[in-house]
Amino acid sequence: MARLAQTAGLTDVQQEILSTVRDFVDKEIIPVATELEHRDEYPQQIVDGLKELGLFGLMIPEEYGGLGESLLTYALCVEEIARGWMSVSGIINTHFIVAYMLKQHGTQEQKDHFLPRMALGEVRGAFSMSEPALGSDVSAITSKAVRDGDEYVLTGQKMWLTNGGSSNLVAVLVRSDEGHPEGTAPHKSMTTFLVEKEPGFGEVRPGLTIPGKIDKMGYKGVDTTELIMDGLRVPANRVLGGTTGRGFYQMMDGVEVGRVNVAARGCGVAQRAFELGVSYAQQRHTFGKPIAQHQAIQFKLAEMATKVEAAHAMMVNAARKKDSGERNDLEAGMAKYLASEYCKEVVEDAFRIHGGYGFSKEYEIERLYREAPMLLIGEGTAEIQKMIIGRRLLEEYRLQG
């Protein structure tokens with residue numbers, strides 16, 4: 001076996017795409033990732049390279065100028081990119097969630113207007129559900145949209161937008177009580193708006209402010225921001241799908257894609273941590289021999305490799321289930337949960353193998369050690385995934401009679 005995390009049954013086209021992405025990662029991302037990350041610098045040259053490869057249009061249908069590839073192809077590309085630098089995979093993730101939501105739920109006018117430019121990377125997407133006070137409790141959203149003629153007026157504060165500054169299109173989930181009488185279930189009175197804006201920080205259009213980058217422990221380079229709406233006017237034709245009250249379901253559909261993405265990121269980071277650990281273990285000598293020849297280290301490497309393989313298999317299964325058109329919230333939840341937990345464990349084992357050098361910023365594992373915890377939270381915490389998994393299992397195994 002030359003390499004962990006191989007995927008059976010890929011087409012020649014898929015293999016060619018993955019080979020191209022892997023070469024790009026090895027040549028253009030890994031050599032500069034740690035330096036850029038330490039400076040918290042946006043990787044513009046890398047992003048431009050991804051545009052040239054056509055990756056911003058990977059899952060967008062060919063009729064809109066994209067490559068029309070599957071979620072599996074996308075997830076495997078994300079795995080490769082995260083292996084190089086997880087922040088870069090974050091830059092394309094939210095873009096793809098918005099593109100997927102437009103493809104699945106947008107009106108024809110919305111698809112024609114946005115998707116061709118998204119395929120080229122000219123329009124870059126971000127999406128926004130969370131708010132400062134609610135975390136995973138999406139039903140508690142307080143941001144509001146009020147109808148005013150042919151427009152809606154949006155007010156409220158959103159939190160944790162990946163690409164909040166660099167994007168020029170944001171899918172924003174808010175509460176819209178229009179046509180939904182008091183007492184309607186919260187998830188039935190939510191609407192997704194497609195908000196166009198200028199890239200950057202400050203007031204990026206009248207009524208819309210992106211205050212600045214949130215300083216984070218890891219996951220640097222990519223901009224994570226707040227979003228403040230104060231009398232933001234959005235045309236009625238920018239309600240995703242053209243009908244209010246469907247936002248929660250649209251967002252959850254997108255989040256299933258996002259959870260497969262986070263699982264893929266976990267697989268990629270874990271794979272890189274294994275590569276660093278197994279390489280260092282063969283170079284570092286103690287007691288007269290490489291530490292890789294000590295049984296304790298071999299046990300660690302065995303456990304790490306097994307976790308990388310298991311997480312990859314579950315991620316691939318979740319992606320293929322979604323591609324088949326079947327419901328995949330159970331598989332996506334399991335894959336996201338397992339991959340993020342295993343990623344944390346594999347990274348920590350690689351960190352331990354490096355000993356004191358793992359604590360030095362000169363070694364790549366230090367960066368991975370700070371990046372892995374974000375995956376435990378992104379697209380729903382481990383506890384949220386367990387709730388989803390548990391409920392779905394009870395649906396499947398409900399006692400009869």
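Position 1 is the first residue of the sequence; numbering continues from there. Atom set for the values below is all heavy atoms of this structure, side chains included, hydrogens, waters and symmetry mates excluded. All values reported here derive from a predicted model rather than from experimental measurement.
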Between [X] and [Y], does any side-chain N to carboxylate O distance fall below 4.0 Å?
| X | Y | value |
| --- | --- | --- |
| D40 | K216 | no |
| E348 | R352 | yes |
| K307 | E345 | yes |
| E79 | R83 | no |
| E275 | R272 | yes |
| E395 | R392 | yes |
| E379 | R259 | no |

Interatomic distance, CG@L368 vs SG@C343, rounded to 0.5 Å, equals 7.5 Å
E362 meets the side-chain contact (heavy atoms from CB on, under 4.5 Å) criterion, sequence neighbours left out, with S360
| task | Run the numbers on E37 and S87 for side chain to side chain donor-acceptor pair (under 3.5 Å), then give the verdict. | result | CA-CA 9 Å; E37 196 271 349; S87 293; over 6 Å; no
### Query
Just checking, any donor-acceptor pair under 3.5 angstrom between side chains of E364 and T34?
no
Check whether [X] reaches the backbone of [Y] with its side chain - one donor and one acceptor, N or O, closer than 3.5 Å.
| X | Y | answer |
| --- | --- | --- |
| D323 | L71 | yes |
| N168 | R124 | yes |
| K361 | R367 | no |
| E151 | R147 | no |

